[in-house]
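Below you'll find the structure, written out as structure tokens, and then a few comments.
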Amino acid sequence: MKQHSSGLTQHLPFKVLLTGSHGFIGYHLRKRLSKKYKIFFIDKKINRNLLYCNLNYDVDLVIHLAGYSGVRESIKNPFNYIINNIICSWRLFNKFKHTKILYASSSTVVEPFRNPYSFSKYIVEKIAPSNTVGMRFTTVYGPKAPKNMFVPLLLKNKLKYVNKNYIRDFIHVDDLVSAIETIIKKKYNKPTINIGSGDIYKLNKLDKFFKKVIFKNGNMFEMKSNMLDIKELKKLKWKKKKTLTKFLIQNLKVS
């Protein structure tokens with residue numbers, strides 16, 4: 001077999017291990033990748049817990065999406081984030097030392113002191129070996145998003161409050177999946193890559209989509225801005241196809 005500098009081997013069928021396969025992003029990614037590659041799944045929803053399940057897989061690529069997300073929930077249950085995000089990642093890094101690993105990181109790692117979620121992602125990046133790429137996601141939205149996320153709450157008019165003057169980059173899950181595909185195809189091999197839409201949204205400027213909401217000053221646990229420089233992603237010839245405002249307009253009509 002011919003070995004690439006990226007750590008991937010060239011043979012058919014191309015085999016991928018996908019953790020978090022039945023979560024929000026994992027659902028969309030496995031639908032796309034299953035058309036091209038042989039996929040193995042790990043997810044709590046199919047009774048395969050990454051904390052202790054068997055990892056005896058012969059694969060060419062690992063895509064690691066499993067883990068706890070959400071800043072506010074991490075403040076309530078920090079232990080879950082430390083154990084599930086850090087230990088699960090360490091298990092994969094230790095097992096697949098000679099296999100390319102793409103793992104989900106976060107835009108929040110630039111301010112790891114703010115909450116357990118961002119701290120856990122920061123530590124994962126610190127322990128990640130040279131055969132890995134940390135994919136720093138901004139705020140993801142789209143079909144099948146968890147009900148407690150910002151966009152689903154907005155669509156259902158269930159937002160309790162909005163942090164005024166906070167800035168967010170929202171990326172549609174389809175664009176995120178296409179970005180991951182691009183990283184695979186282009187054999188990207190730097191330690192991290194930022195994945196976002198590149199669009200700037202001030203939360204209080206989305207007020208036309210709010211029916212009744214309270215605006216508050218932000219707190220110390222959340223970043224004022226999660227904007228990231230996506231020039232490395234653009235160098236790979238990736239382009240977004242969807243925007244948040246259009247998604248909100250289309251879905252508010254039917255929600």
Side-chain angles (χ1 to χ4, degrees), residues 6-9 14-34 36-70 74 80-109 112 116-138 140 146 171 173 176-195 233:
S6 63
L8 301 182
T9 53
F14 189 78
K15 294 178 291 185
V16 179
L17 175 61
L18 176 61
T19 78
S21 55
H22 288 61
F24 169 37
I25 299 171
Y27 166 81
H28 293 275
L29 187 62
R30 67 184 167 89
K31 280 185 65 178
R32 188 84 64 93
L33 295 186
S34 293
K36 303 177 182 179
Y37 311 124
K38 182 176 178 61
I39 313 293
F40 300 94
F41 306 133
I42 291 179
D43 196 291
K44 287 182 179 179
K45 294 179 180 177
I46 54 173
N47 297 316
R48 294 196 57 75
N49 192 323
L50 187 53
L51 272 175
Y52 48 77
C53 71
N54 191 304
L55 294 178
N56 291 329
Y57 294 92
D58 177 19
V59 294
D60 306 294
L61 175 68
V62 176
I63 303 177
H64 175 36
L65 302 178
Y68 280 70
S69 62
S74 76
N80 287 341
Y81 286 72
I82 301 303
I83 294 298
N84 286 276
N85 292 358
I86 297 176
I87 301 303
C88 287
S89 299
W90 176 84
R91 283 200 74 207
L92 286 175
F93 296 159
N94 190 55
K95 176 64 179 179
F96 297 97
K97 294 181 179 179
H98 304 291
T99 303
K100 192 72 174 182
I101 302 174
L102 307 180
Y103 67 92
S105 186
S106 168
S107 57
T108 65
V109 296
Y117 170 66
S118 58
F119 178 75
S120 70
K121 293 296 186 179
Y122 173 81
I123 295 299
V124 170
E125 285 197 6
K126 288 299 181 182
I127 65 174
S130 59
N131 60 309
T132 68
V133 176
M135 302 180 292
R136 293 178 173 178
F137 302 157
T138 56
V140 189
I171 182 169
V173 67
L176 181 75
V177 167
S178 73
I180 295 174
E181 281 192 295
T182 300
I183 292 167
I184 295 172
K185 291 176 182 177
K186 299 292 185 178
K187 303 181 182 67
Y188 186 87
N189 59 4
K190 294 182 180 180
T192 61
I193 187 167
N194 298 330
I195 301 180
L233 189 56

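This structure is a prediction, so every number in the text was calculated from the model and none was measured.
Residue-environment remark: CZ (Phe96) exceeds the threshold of 12 foreign heavy atoms within 6.0 Å. Within 6.0 Å of atom OH in Tyr122, 12 or fewer heavy atoms from other residues, nucleotides or ligands are found, so the atom counts as exposed in its surroundings.
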**Prompt:** Can you check side chain to side chain contact (heavy atoms under 4.5 Å, CB included) on Tyr188 and Leu102, steps first, answer last?
**Reply:** CA-CA 10 Å; Tyr188 186 87; Leu102 307 180; over 6 Å; no
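The distance from the NZ atom of Lys121 to the OG atom of Ser69 is 8.0 Å, given to the nearest 0.5 Å. Of the inter-residue distances, the one linking Ser74 atom OG with Asn85 atom CG reads 9.0 Å to the nearest 0.5 angstrom. Taken from CG in Leu33 to CG in Leu29, the straight-line distance is 4.0 Å, to the nearest 0.5 Å. To the nearest 0.5 Å, the span separating CG on Leu65 from CZ on Phe24 amounts to 11.5 Å. The CG atom of Leu50 sits 6.0 Å away from the CG atom of Leu55 when rounded to the nearest 0.5 Å. Rounding to the nearest 0.5 Å places CD1 of Ile184 at 5.0 Å from CG of Leu61.
The nearest pair of heavy atoms linking Ser89 to His64 is OG-NE2, 3.0 Å. The heavy-atom pair separating Ile82 from Ser120 by the smallest distance is CD1-CB, 4.5 Å. Summarising the geometry of Thr99 relative to Val59, their closest heavy-atom pair is CG2-O, 3.8 Å, with the distance given to 0.1 Å. When all heavy atoms of Gly26 and Leu18 are compared, the pair lying nearest together is O-CD2, 4.0 Å. In terms of heavy-atom proximity, Gly20 sits nearest to Asp43 at C-OD2, 3.1 Å.
Proximity of Tyr27 to Val173: side-chain heavy atoms (C-beta onward) are nowhere separated by under 4.5 Å. A 4.5 Å side-chain heavy-atom check between Phe41 and Ser34 finds at least one atom pair inside the cut-off. In this structure the side chain of Phe14 never reaches within 4.5 angstrom of the side chain of Lys36, judged on heavy atoms. Taking 4.5 Å as the limit, some side-chain heavy atom of Phe137 sits within range of a side-chain heavy atom of Ile180. Under the 4.5 Å side-chain criterion, counting only non-hydrogen atoms from C-beta, Met135 is not in contact with Leu176. By the 4.5 Å heavy-atom criterion applied to side chains, Glu125 and Arg136 are counted as neighbours. Between Ile183 and Lys186 there is no side-chain heavy-atom pair separated by less than 4.5 Å. Taking 4.5 Å as the limit, some side-chain heavy atom of Ile42 sits within range of a side-chain heavy atom of Cys53.
Checked by atom type and distance alone, the side chain of Arg48 pairs as donor or acceptor with a backbone atom of Asn54 at under 3.5 Å. In this structure, Lys45 contributes its side chain and His22 its backbone to a donor-acceptor pair below 3.5 Å. A donor-acceptor pair under 3.5 Å links the side-chain atoms of Thr132 to the main chain of Pro129, judged by distance alone. Distance alone, capped at 3.5 Å, is enough to place a donor-acceptor pair between the Asp60 side chain and the Lys15 backbone. Put simply, the side chain of Tyr81 never gets that close to the backbone of Ser118: no donor and acceptor are under 3.5 Å apart. Listed for the Asn84 side chain is a donor-acceptor partner under 3.5 Å among the backbone atoms of Asn80.
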